[in-house]
Student: 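Take this structure, written in structure tokens, and hold onto it; I'll ask about it next.
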Amino acid sequence: ESDRFTKRLRTAFDGVETIVVNASGCGSHLKDSGLPALDVTEALAGAELPELHPLELTVAYQDSCHLRHAQRLPAAWRPLLEQIPGLRVVEPAEQDLCCGSAGIYNVTQPEAARELGDRKAAHVLATGADAYASANPGCLVQVSQALGRAGKPLPALHPAELLDASVFYTDAHRLIFAAMVDLYKRNIAVDLVTLTDALKTANRLEDIGGPSALAMLTSIVPTAANVD
């Protein structure tokens, strides 16, 4: 099945000099298949970035295995993230340790994957970060679920979202709220109480009440209207 999709992609991109990929697992597969793929960090290396605006946030950045090992691009996002004013990037312990997602490992070996995910989540929480970032969707979902099991969900962000927020002057609190809404919609470890708290912070309104907060949430998450 993988070969079939790769052949379709090869046909679709025939004649294209470079395919820039922001999901490190996909980029690793395309490189292994002989397609002219570059991770987005390779494409941006040495590039002159537009003006970056402050993003007052502490982020626990975890290299994905596909970026760190398969593509041999350890800490590839750090030089880009370190250019963002106000952004503090911290690294969880055991960067070389897999989070347990590993392609379909979390499906074929769920117990072992869960143990790895919980271990990784504990390292993320130990940093005291406001958010968690990784460059592979599988890692973002795996660690987010583990953080939820620990009762301490964090916003999950691709590093490119941090760069985008800085370029387009997105407030850090609103970025966090949007990430929490995304987790809620995907049914990953976030409840409406957590969302409401994030909304209060995003709007910086200390006196926002439950009903008014839920009214604002309803426009984003329709099921919020069903909560007492």
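This structure is a prediction, so every number in the text was calculated from the model and none was measured.
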Student: Carefully, step by step, assess R149 and R114 under the rule side-chain contact (heavy atoms from CB on, under 4.5 Å).
Tutor: CA-CA 10 Å; R149 287 194 296 270; R114 182 186 178 107; 2.9 Å; yes
Student: Which atom names give the shortest non-hydrogen contact between A156 and A179, and what distance separates them?
Tutor: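 Closest pair (atom of A156, atom of A179, distance): O-CB, 4.1 Å.
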Student: Can you tell which of S24, S28, S134 makes a side-chain hydrogen bond (donor to acceptor under 3.5 Å, both in side chains) with S64?
Tutor: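 The side-chain hydrogen bond (donor to acceptor under 3.5 Å, both in side chains) with S64 is passed solely by S24 among S24, S28, S134.
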Student: Would you mind reporting whether L87 and V89 have side-chain heavy atoms less than 4.5 Å apart?
Tutor: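 Sidechains of L87 and V89: in contact.
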Student: Run the side-chain hydrogen bond (donor to acceptor under 3.5 Å, both in side chains) check on D171 and Y169 step by step: do they pass?
Tutor: CA-CA 6 Å; D171 180 83; Y169 212 175; over 6 Å; no
Student: Backbone N or O of K7 within a donor-acceptor pair of the T11 side chain at under 3.5 Å?
Tutor: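 Yes: the side chain of T11 pairs with the backbone of K7.
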Student: Which value, rounded to the nearest 0.5 Å, describes the distance between S33 atom OG and F5 atom CZ?
Tutor: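 So the OG of S33 and the CZ of F5 are separated by 13.5 Å.
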Student: What's the spacing between L52 CG and L163 CG if we round to 0.5 Å?
Tutor: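 Taking CG in L52 and CG in L163, the distance rounds to 6.0 Å.
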Student: Measuring from R72:CZ to D39:CG, what's the distance to the nearest 0.5 Å?
Tutor: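 R72 CZ to D39 CG: 14.5 Å, rounded to 0.5 Å.
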Student: Can you hop from V40 to F13 via hydrophobic side chains spaced under 4.5 Å?
Tutor: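 No, separate clusters.
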Student: Carefully, step by step, assess L157 and L140 under the rule side-chain contact (heavy atoms from CB on, under 4.5 Å).
Tutor: CA-CA 7 Å; L157 298 161; L140 291 171; 5.8 Å; no
Student: Can you find a heavy atom in the side chain of Q71 that is under 4.5 Å from one in the side chain of E42?
Tutor: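 Yes, their side chains come closer than 4.5 Å.
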Student: What about V20 and V16, same hydrophobic cluster or not, with Ile/Leu/Val/Met/Phe/Trp/Tyr joined at side-chain heavy-atom distances under 4.5 Å?
Tutor: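 Looking at the clustering, V16 is in a separate group from V20.
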Student: Can you name the nearest heavy-atom pair linking G27 to V21, along with the distance?
Tutor: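 It is N-CG1, 3.6 Å.
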Student: So do the side chains of L35 and T6 get within less than 4.5 Å of each other, counting heavy atoms only?
Tutor: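 Answer yes - side chains close enough.
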Student: Aromatic rings W77 and H158: how do their planes relate, parallel, tilted or perpendicular, breaks at 30° and 60°?
Tutor: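 Plane angle over 60°, so perpendicular.
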Student: Between L175 and L55, does a side-chain contact (heavy atoms from CB on, under 4.5 Å) hold up when you go through it step by step?
Tutor: CA-CA 10 Å; L175 177 66; L55 192 64; 4.3 Å; yes
Student: Can you find a heavy atom in the side chain of D130 that is under 4.5 Å from one in the side chain of L154?
Tutor: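 Side-chain contact under 4.5 Å: no.
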Student: Let's go through L116 and L97 carefully: what are the C-alpha distance in whole Å and the side-chain angles of both, what is the deciding distance for side-chain contact (heavy atoms from CB on, under 4.5 Å) to 0.1 Å, and is it a yes or a no?
Tutor: CA-CA 8 Å; L116 285 168; L97 180 72; 3.9 Å; yes
Student: Answer whether the closest heavy-atom distance between the side chains of K31 and H29 falls below 4.5 Å.
Tutor: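 In short, these two side chains do not touch, never coming nearer than 4.5 Å.
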Student: Do L67 and N136 come close enough that some side-chain heavy atom pair is under 4.5 Å?
Tutor: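 Counting from C-beta outward, L67 and N136 never come under 4.5 Å.
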Student: Quick one: pull up NZ in K120 and CD in E94 and give me the separation to the nearest 0.5 Å.
Tutor: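 Here the interatomic distance stands at 6.5 Å.
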Student: If hydrophobic clusters are built from ILVMFWY residues whose side chains come within less than 4.5 Å, do L9 and L38 share one?
Tutor: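 Shared cluster, no.
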Student: Find the distance between CG (D182) and CD (E161) and round it off to the nearest 0.5 Å.
Tutor: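 The distance works out to 7.5 Å.
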Student: Between L81 and P159, what is the shortest heavy-atom contact and its length?
Tutor: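 Shortest heavy-atom separation between L81 and P159 comes out as CD2-O, 3.9 Å.
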Student: Provide the closest heavy-atom pair for A60 versus A129 in the form atom of the first, atom of the second, distance.
Tutor: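 Closest pair (atom of A60, atom of A129, distance): N-CB, 3.4 Å.
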Student: Is there a side-chain contact between L80 and T41 (heavy atoms, below 4.5 Å)?
Tutor: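 A side-chain contact under 4.5 Å exists here.
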Student: Are V90 and I176 connected, step by step, through hydrophobic side chains (Ile, Leu, Val, Met, Phe, Trp, Tyr) whose heavy atoms are closer than 4.5 Å?
Tutor: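 The answer is no; the residues belong to distinct hydrophobic clusters.
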Student: Out of curiosity, E82 CD to R88 CZ, how far, rounded to the nearest 0.5 Å?
Tutor: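 Answer rounded to 0.5 Å: 12.5 Å.
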Student: Looking only at atom types and distance, does a side-chain atom of D63 sit under 3.5 Å from a main-chain N or O of R68, one as donor and one as acceptor?
Tutor: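 Not a single qualifying donor-acceptor pair exists.
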Student: Would you confirm whether Q83, through its side chain, and P79, through its main-chain N or O, come within 3.5 Å as a donor-acceptor pair?
Tutor: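 Confirmed, Q83 side chain pairs with P79 backbone.
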Student: Do the non-hydrogen side-chain atoms of Q62 and V143 ever get within less than 4.5 Å of each other?
Tutor: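 Side chain of Q62 against side chain of V143, heavy atoms only: no contact under 4.5 Å found.
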Student: Taking 4.0 angstrom as the limit, do R78 and E91 come out as a salt bridge?
Tutor: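 Between E91 and R78 there is a salt bridge, with a charged N closer than 4.0 Å to a carboxylate O.
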